[in-house]
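Each chain gets a letter, A, B and so on, in the order its sequence line appears, and its residues count up from 1.
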Amino acid sequence: MKVNVVAFANFREILGKEIEVALPAGARLRDLLDLLAKSHLGLHEEVYEPTGALKDTAMIMLNRVNIDSQGGLDAALKEGDELAIFPPFAGG
Amino acid sequence: MSKDRDLLRYSRQIPLLGEAGQERLSSSHVFIAGAGGLGSAVAFYMAAAGFGRITIVDCDSVEMSNLNRQILHGMKDLGRSKAISACESMRELNPVVETEPIIATIEADNIDKLLGDAELIVDALDSFDARFLLNRAANEREIPLFHGAISGFRGQATTVIPGRTACLRCIYPRHPRSTPSPALGSTCGIIGSIQVNEAVKYVGGKGRLLENRLAIWDGLASVLEEVEVDRDPDCPDCGSYRGR
């Protein structure tokens, strides 16, 4: 299956603007990030805490809804899914 | 201030909003949370546009390190309350506007009193913990929240319309701890201007708001883009349990 990832800000510097990724059926978000991290230096540190949890500075939307309510790193992906990854800016 | 002078003051924007739209601005009460970098751009442009009543809240005093971006305040304001300095600057720009400074930290147990009868909330804060208080209050009161935030050359903005759009917690169920981030005046100006533009459009009934769209400004690349977002049905602040 193929999914599409659009990256913003610091994630764009690592991934480029948009990337289509081929994944085996049954893949989860963690599999997608791990696959991307193999070919994109710096992504692993940008999305994962040392504990393996997703960083609070990495927001990921799966089909427009935050992945936190869709299983987080265990969110199941399917053909044609659209993902967006961006940081939360917090200053004022 | 005479009506003729008001018409002259707003003569270049009345063609955009109509006299009725300008009247609606003039009778609106807006609550600006924060008189820092974003709050500076927001407050100046809201006062200039003629929002009738502006409440601005900030607990801090002006420091030298604020002056690279917080253009509401100047050297004479060092050590003074930001909220009071902000209101003086707004009144100097547009004495028609009624301004109310509040020196306070926004907290769960005072937010209702601080908001009073405000009809619009502008988020010019620097922490997500406080932003979520605004988010919840906007949802409970069913009034719009114009969100903005910055870091360095980058920033984001969205407009939360309770019952119609994703709220802040839908988009950011997790958030980073507050740490001082690099801050540039021009970034504050861009994001703050977007927030005011949204508020003017909302009150004037014009255009297409940033509803279910998160605008992301990348000043390093000079690119403004959007991420489409949807409400999270399980969101604790606006989700389906609220019956909408």
Greatest number of heavy atom pairs closer than 4.5 Å to chain B - which of A/K55, A/R12, A/Q70: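 Most pairs with chain B among the choices: A/R12.
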Quick check: does any side chain N or O of B/R174 sit under 3.5 Å from a backbone N or O of A/A58, one acting as donor and the other as acceptor? yes
Please check: side-chain N/O of B/D230 versus main-chain N/O of A/V65, any donor-acceptor pairing under 3.5 Å?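 Not at all, since once roles are kept as given, no pair shorter than 3.5 Å links the two residues.
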Are there residues of [range] whose heavy atoms fall under 4.5 Å of chain B's heavy atoms? If so, which?
range                     : value
residues 23-34 of chain A : none
residues 3-11 of chain A  : A/F8, A/A9, A/N10
residues 82-92 of chain A : A/A84, A/F86, A/P87, A/P88, A/F89, A/A90, A/G91, A/G92

Heavy-atom pairs under 4.5 Å with chain A - which of [options] has more of them than the others?
options                : value
B/G36, B/G39, B/P173   : B/P173
B/D123, B/L125, B/D218 : B/L125
B/D126, B/I150, B/I191 : B/I150

In terms of heavy-atom contacts, does OH of B/Y45 have more than 12 from other residues, nucleotides or ligands at under 6.0 Å? no
Other residues, nucleotides, ligands: >12 heavy atoms within 6.0 Å of A/Y48 OH: yes
Could you tell me whether B/R154 and A/E13 have a side-chain N and a carboxylate O separated by less than 4.0 Å? yes
Drop me the distance from B/C170's SG to A/M61's CE, to the nearest 0.5 angstrom. 8.0 Å
Give, as side chain, backbone, both or neither, the part of [X] having an atom under 4.5 angstrom from any heavy atom of chain A.
X      : result
B/Q195 : neither
B/S181 : side chain
B/Y172 : both
B/A183 : neither
B/R69  : neither

Would you name the heavy atoms of A/M59 and B/I171 that are closest together and state the gap between them? SD-O, 3.7 Å
How about A/K17 and B/E225: do any of their side-chain heavy atoms sit closer than 4.5 Å? yes
With sequence neighbours excluded, tell me which residues meet side-chain contact (heavy atoms from CB on, under 4.5 Å) with B/Y202.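 side-chain contact (heavy atoms from CB on, under 4.5 Å) list for B/Y202, sorted by chain: B/L120, B/P144, B/F146, B/I161, B/L209.
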I'd like to know if the side chain of A/S69 pairs up with that of B/D232 as donor and acceptor (distance under 3.5 Å, no hydrogens or angles considered). yes
